[in-house]
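First the structure, in the form of structure tokens, and then the observations on it.
Numbers restart at 1 for each chain; the letters A, B, ... are given by sequence-line order, proteins then strands.
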Protein chains: 4
Amino acid sequence: MNKRSGIESKKRILDAAMRIFSEYGYAKANMRMIAKSAGISIGGLYLYFKNKEDLCLTLMKSRMNDFADKTMEAVRDISDPAEAIDIFIEMNLNYAKRHKELILVQGREHGFTFGLEMKKKFFGKQRGVIEGIILRGIQAGTFRKVNVKEAAKVIFSIIRGFILSIVVEADSLFSPAECSDLILKGLLRRNVK
Amino acid sequence: MNKRSGIESKKRILDAAMRIFSEYGYAKANMRMIAKSAGISIGGLYLYFKNKEDLCLTLMKSRMNDFADKTMEAVRDISDPAEAIDIFIEMNLNYAKRHKELILVQGREHGFTFGLEMKKKFFGKQRGVIEGIILRGIQAGTFRKVNVKEAAKVIFSIIRGFILSIVVEADSLFSPAECSDLILKGLLRRNVK
Amino acid sequence: MNKRSGIESKKRILDAAMRIFSEYGYAKANMRMIAKSAGISIGGLYLYFKNKEDLCLTLMKSRMNDFADKTMEAVRDISDPAEAIDIFIEMNLNYAKRHKELILVQGREHGFTFGLEMKKKFFGKQRGVIEGIILRGIQAGTFRKVNVKEAAKVIFSIIRGFILSIVVEADSLFSPAECSDLILKGLLRRNVK
Amino acid sequence: MNKRSGIESKKRILDAAMRIFSEYGYAKANMRMIAKSAGISIGGLYLYFKNKEDLCLTLMKSRMNDFADKTMEAVRDISDPAEAIDIFIEMNLNYAKRHKELILVQGREHGFTFGLEMKKKFFGKQRGVIEGIILRGIQAGTFRKVNVKEAAKVIFSIIRGFILSIVVEADSLFSPAECSDLILKGLLRRNVK
DNA sequence: TATGAATGAGGGTTCATTCAT
DNA sequence: CATGAATGAACCCTCATTCAT
């Protein structure tokens, strides 16, 4: 009976859950694995989390908050909106690349309804950041007058789609630079005088 | 003991599997449900499919092919590349909207490795279509000289991300027109004379 | 995989459940024991009964009906009400004696609320039989004009209390004759002229 | 670390156990509940009671003794045996009504063998009281010469059965008066001259 | 080709009990 | 005297798969 502080144990469990859910997915992961990986007994898991779902949801929430904080921070102080977009995308993709497991855990369970509200909130926040950048770009005259909400949705979708490629097909050859380039300049040729 | 042709039975099972997997997801769906929904016995399922995984994979393959055919067909005969992009996106999103279940079934199981090769092939085909359009656009002088592969990836990612929004958050308010607009013209203001 | 008819299996399970619940009580009995005793697999239990509670309740219902039928039958054709009371009591107690397990299974679970409605119905029926006898006795002038419902309750309570003694304290020395005697004649001395 | 005297703590635990066992029954009640209700730690429980069974048995013993004392006291000084019977029944039923939980706790666990000896002793004492009353009644010429032991058993059974009705079916409409009436006078019509 | 009763390993969860503090 | 984190065996139940019919 190894005595540890409650916080210490909770952290160990969350870390173990991260490892196990990442490797096996929610459905195939089982509480015994997580307990073993956390160096705790099965019963111990239930001291800190109501059940498997609670454990997974708590994990997702905590990791999502970390993720959101890190990405938001990255664009806060950049004045050039084009550069901000650039960096936001790059940060996102790189972060995703380094934390594939995170996205894996968020994967669909129960037809995606699992932790839906939490995800919506997170996604909403991310979109908000992009909207802010676009708005500043328009106000500064750098960007043309697009529909801010829609444009943000599109950019957010690119990121989301890219992340899926990284996670699902392990396509690590994405190019943030080319991506920004397309978003900023579009496909059409300019000054076709 | 309902006598039916093998093909008929197989089709009935696949349709039932579609319904059940869509509603419950792979993990929660069980063979009894599928059998009942198909109006066949549990044992009968195993006459046509080796096991649950085989059934699901076969289903995904068949539906993906249908999906690919329908979307590709839609852009074949459009000469204006900008319009082709436009239509390709619209078709994709609308198709996704009408066939949410399809994407649900493709959701991650076993850490996304489930049917991975099949998916890669499908995604590759889709990206190929976009590449074709862009190439024609560049050759025609309509599009500027972008990195074709990367641009196709970006556009494909947008679609993928949008589909996720539709399926996961039931965000049906996407605007294909605004999306195409951004892709075609980009964010930056032009002719800054 | 021993094939048996569904009805045969169900019966085997109910008999096994009777044995196990009787010996261990509801809480201590476990499904594995019942399965083993029935010569069936654990999963097999769940083909016929939704869960442990359903199995126990079904068992109680079936055994109660048998019990009720047998006891009621016994008094149907007896014309002398005093004799009918006599026999009803005797039959009840003897039946209880021979089927201790039955009452054991009915024992309190979940604060007696377990199968409460079923029990109430059964008890109501039993009380009804006694009421019928008393009524006939009064109409025939054999019995004095007592409150029929209350008197039936009292007699039913005697039986119930006696059965408890038999089951709990294994007091098999009850005397149905003395019991009837008291009920029929009462304690008070008569004709105290 | 609340400092309390041992006796105080023990009493608090017993009271909590009463509440919890009454509400949930022995099997569903758990030590955590009792500890919480007693305002003590789980480990603290084991300072005063060897284990769950010991706690429950101790509780039953203590409450039974209280119960026995109160009921016995009630008939001690009544000279008319008919009235004593009357009052003994009434007291018993009313007491049961006010202390349903007590009987609930005594409910069967482990096939009634739980605390059996203790119960037998308690029941024996109660029957003894009734025997005493009947004996005095016979000696006084008020009662006819019945088999004292058997008559006491019958009366005790009535009470027991009635209590079951109260506890199990929540039948609070019992009538002690009618009950005594039947016991005293019996069913048969008298002076059929 | 078709059935569906049967299997049994393995899942999530509970809880009496212990013991380092 | 008192705590409460930790244990782990054992519970109920599920379900992919098999096979005698």
#### Entry: Of the listed nucleotides F/dG4, E/dC15, E/dT7, the one nearest the side chain of D/N30
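Comparing F/dG4, E/dC15, E/dT7 against the side chain of D/N30, the answer is E/dC15.
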### Message
For C/K11, give me all partners under salt bridge (charged side-chain N to carboxylate O under 4.0 Å, His left out), at least two apart in sequence or on another chain.
### Response
C/D15
Hey, is the side chain of [X] poking within less than 4.0 Å of OP1 or OP2 on [N], counting only N and O atoms?
X	N	result
D/S9	F/dC1	no
A/Y46	E/dT14	no
C/N51	F/dC12	no

## Note on the structure
Of A/G44 and B/G44, the one whose nearest nucleotide on DNA chain E sits closer to the 5' end is B/G44
#### Entry: C/L47 or A/I42, whichever maps to the more 5' nucleotide of DNA chain E
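The residue mapped nearer the 5' terminus is C/L47.
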For [X] and [N], give me the distance from atom [atom1] to atom [atom2], rounded to whole Å.
X	N	atom1	atom2	value
D/E53	E/dA16	CD	C1'	12 Å
A/Y48	F/dG4	OH	P	12 Å
C/K36	F/dC12	NZ	P	15 Å

### Query
Is the backbone N or O of D/M33 less than 3.5 Å from a side-chain atom of D/S37, with the two atoms forming a donor-acceptor pair by type?
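A pair under 3.5 Å: no.
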### Query
Is there a donor-acceptor contact under 3.5 Å from the side chain of A/K52 to the main chain of A/Y26?
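Present.
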### Query
Does any non-hydrogen side-chain atom of D/M31 lie less than 4.5 Å from one of D/Y46?
yes
### Message
Take N1-N3 plus N6-O4 or O6-N4 for Watson-Crick, N1-O2 plus O6-N3 for G-U, both under 3.5 Å. Which runs of 3 or more such pairs involve DNA chain F?
### Response
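Stem list for DNA chain F: E:2-21 with F:2-21.
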### Task
For A/A35, answer base if it contacts any base atom (sugar-phosphate contacts may also be present), sugar-phosphate if it contacts only those atoms, and nothing otherwise; contact means non-hydrogen atoms under 4.0 Å.
nothing
### Query
Looking across every strand, which nucleic acid part, if any, lies under 4.0 Å from A/R32 by heavy atom: base, sugar-phosphate, or nothing?
base
### Task
Give a yes or no on this: more than 12 heavy atoms of other residues, nucleotides or ligands lie within 6.0 Å of atom CZ of B/R19.
yes
### Query
Closer to the 5' end of DNA chain F via nearest nucleotide, is it D/G43 or A/G43?
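It is D/G43 whose nearest nucleotide is closer to the 5' end.
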### Query
Cation-pi between C/K10 and C/F49: NZ/CZ under 6.0 Å from ring centre and within 45° of the ring axis?
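Yes, C/K10 lies over the aromatic ring of C/F49.
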